[in-house]
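Notes follow once the structure below has been shown.
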Amino acid sequence: MQARSAETTDTNNKQQETMRLPSRRRGMRRLALVVPMLLVQPAQAVPAGAGEPALPRVVEREGRHALLVDGAPFLVLGGQAHNSSNYPAALPKVWAALEDAHANTLAIPVAWEQLEPSEGRFDFSYVDTLVAQAREHGKRLVLLWFGTWKNTGPAYTPEWVKFDNGRFPRMRDKDGQASYCLSPFGEATLAADKAAFVALMRHIRKIDAGKRTVIMVQVENEVGTYGLVRDYGARAEAAFRQRVPAAVLARQPAPAGHPAQGSWGEVYGGYAEQYFHSWAIASYIEEIAKAGRAEYDLPMFVNNALREPGQPGQAATAWRGDFASGGPTWDVIGIYKAAAPHIDFAAPDIYMPESGKVSAVLAGFQRPDNALMVAEMGNAAGYARYVYQIVGKGALGVVPFGIDYASYSNYPLGSRYTDRRMVEPFAQVYATFAPMSRLWARWAFEGRTHGVAEGDDRMPQTVAMDGWKATVSFREFQFGERRYLRDKSEYAEGTELPGGGVAIAQIGPGEFVLVGQRARVKLAPSADAPAMYARVEEGRFDAAGKWVMERNWNGDQTDYGLNLPAAPTVLKVRMRTYEH
Ligand code: DGJ
């Protein structure tokens, strides 16, 4: 799994022009000069044809990532449809929710069972309708290939696959008993899945290369196996006795005290079975992704049903039946990188509402070799604040699950509502980012952005920036300090549950764009120096990236920090130091 390196092209200069920051002071210019050009050449085969927009790409520079769409960084403000909304009749309720959410991208399944109901006969009617309607709604698409594995199981395989386990074998346990899960060593299964996926990618290229409505493809869905650490069938056993491939060793070295080379058991000891299964599934996915990209070279990724996030600096425990073995969990991302170079990144599906866990998951999946994108997230209101943290961390995007007015709620994983009440918390945040999303994606790629979400502990958080720091506190009243309160148990209305968040872009040496809600931000130089606000403009960026000022905050509105209200607000702030 590797992101492509950013390269300069001439055509890029034009794009840079249109995305130029609105105000360019001297110091700002110094910063801007070190910002390299962003466009890339497609790194693999299939160049864009004449008149076609550039192929979407995931690019990496200095350990940061961007998703380029039409040649420029793009921020996915996404929504995922429910599993069974992958039929034309279900789409109106999906689009209605997406529109209300101000989302720019829909993630939605394409199921093998609907694409190839009988072997070799393909039905693209749903895909055609979906792509046409996405264009009408001005949305991009992330297609989710529900093939051999969907939440580890074969439910979305066509009937001719699902029940023919002579030809399409299930995994076997040590006693030879069949698991529910299809084996990654099923040669015919791989060939059949690959053929269907190739047909899909060829078709998408045919209908969409001129528009790039489809910007990414997820290969399979939440792979791995519950209850069985690996396949013990004959082919799997033979492979398990082989030496660990050098590419895997390079990415996932042996634990301390183990030989650096040898068989899976020798090198990885108690981790061997999970690592081997991860390698087997990743290798299977690689075959599918590689063949699909040879047809149409879109960015591809895998998503992950999380295991408990790790503690910083601590090794993962060996599999104990506590998560889906073989999935791209944070501890085996290296194995996926080695085995699946045609997969751009592994993405977390976050259904852990606790703020500490969310932070740990984001840290585990954001690596110099792995772009962060939250492929799924709960759609309950408490998750909306994490959008600030995710977007501020420079993720390619975020996709809450179930942004869809189908009469179905996956509570308690997500919201109990299926109407506007479910969409609203995300809609407010997305609406604020939407007009400036291209600008934000560029700032993120340049390493200028930071994000925090209110923690479950409700405590203040500090953000270190270039020469400056921000202290973000929550549950504050807008006027005065906590110590002024007669009743210290009093808190601002509407803050009973954590709901605050701030994303900050440092667009110049002392210049910041703050986007946030329900939070107080105090900016100060990192070194001990007196500073004041020069300007605190409230306003918005328009779609052309131009700042539109609505008013300047001063007096009570700045005396006690920048108090972002319940409704998401954008501030453009300039700070200056002065002599003692
Ligand atoms: C994660 C899966 O990837 C989704 O398809 C869905 O099943 C959710 N879990 C639960 O609603």
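Computed from a prediction, not measured in an experiment: that's the story for all the values here. Order of appearance sets the numbers: ligands from 1, and atoms from 1 within every ligand. All values below come from the heavy atoms of this structure, side chains included, with hydrogens, waters and symmetry mates left out.
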- Note on the structure: Note: ligand 1 atoms sitting under 4.0 Å from heavy atoms of N221 are 2 (C), 3 (O), 5 (O)

- Note on the structure: atom 1 (C) of ligand 1 sits nearest the protein heavy atom E376 OE1, 3.0 Å

- Task: Verify, without hydrogens or angle tests, whether K139 (side chain) and A103 (backbone) share a donor-acceptor contact under 3.5 angstrom.
- Result: yes

- One finds that the ligand 1 atoms under 4.0 Å from a non-hydrogen atom of K150 are 4 (C), 5 (O), 6 (C), 7 (O)

- Approximate separation, where rounding is to 0.5 Å, of T418 OG1 and Y408 OH: 12.0 Å

- Item | Protein contact of atom 8 (C) of ligand 1 - nearest heavy atom, named by residue and atom, plus distance | Y351 OH, 3.7 Å

- Got an N/O contact under 3.5 Å between N83 and ligand 1? yes

- Message: Taking Q428's backbone N and O only, do any of them form a donor-acceptor pair with T432's side chain (distance below 3.5 Å, no angle check)?
- Response: yes

- Query: Does ligand 1 have an atom that lies less than 4.0 angstrom from a heavy atom of H82?
  - Reply: no

- Item | Ligand-side contact atoms (ligand 1) for residue partner L413, heavy atom cut-off under 4.0 Å | 10 (C)

- Task: Test Y336 against every option in N370, I343, I281, T329 by the side-chain contact (heavy atoms from CB on, under 4.5 Å) rule and name the one that passes.
- Result: I281

- Do you know which two heavy atoms are closest between T225 and S179, and how far apart they sit? CG2-OG, 4.2 Å

- Message: Within ligand 1, which atoms have a heavy atom of E222 less than 4.0 Å away?
- Response: 1 (C), 2 (C), 3 (O)

- Taking atom 11 (O) of ligand 1 as the reference point, the nearest protein heavy atom with its distance: N410 ND2, 2.8 Å

- Give the intermediate values and the outcome of side chain to side chain donor-acceptor pair (under 3.5 Å) for residues Y351 and E376. CA-CA 8 Å; Y351 294 97; E376 289 180 37; 2.5 Å; yes

- Would you mind checking which non-hydrogen protein atom is closest to atom 6 (C) of ligand 1, with the distance to 0.1 Å? F401 CZ, 3.6 Å

- Note on the structure: One finds that the ligand 1 atoms under 4.0 Å from a non-hydrogen atom of D349 are 3 (O)

- Message: Before you tell me yes or no, could you show the steps for D208 and Y296 under side chain to side chain donor-acceptor pair (under 3.5 Å), namely the whole-Å CA-CA distance, both residues' side-chain angles and the distance that decides it to 0.1 Å?
- Response: CA-CA 10 Å; D208 196 44; Y296 187 31; 4.6 Å; no

- Query: Is there a donor in the side chain of H203 and an acceptor in the side chain of D128, or the other way round, less than 3.5 Å apart?
  - Reply: yes

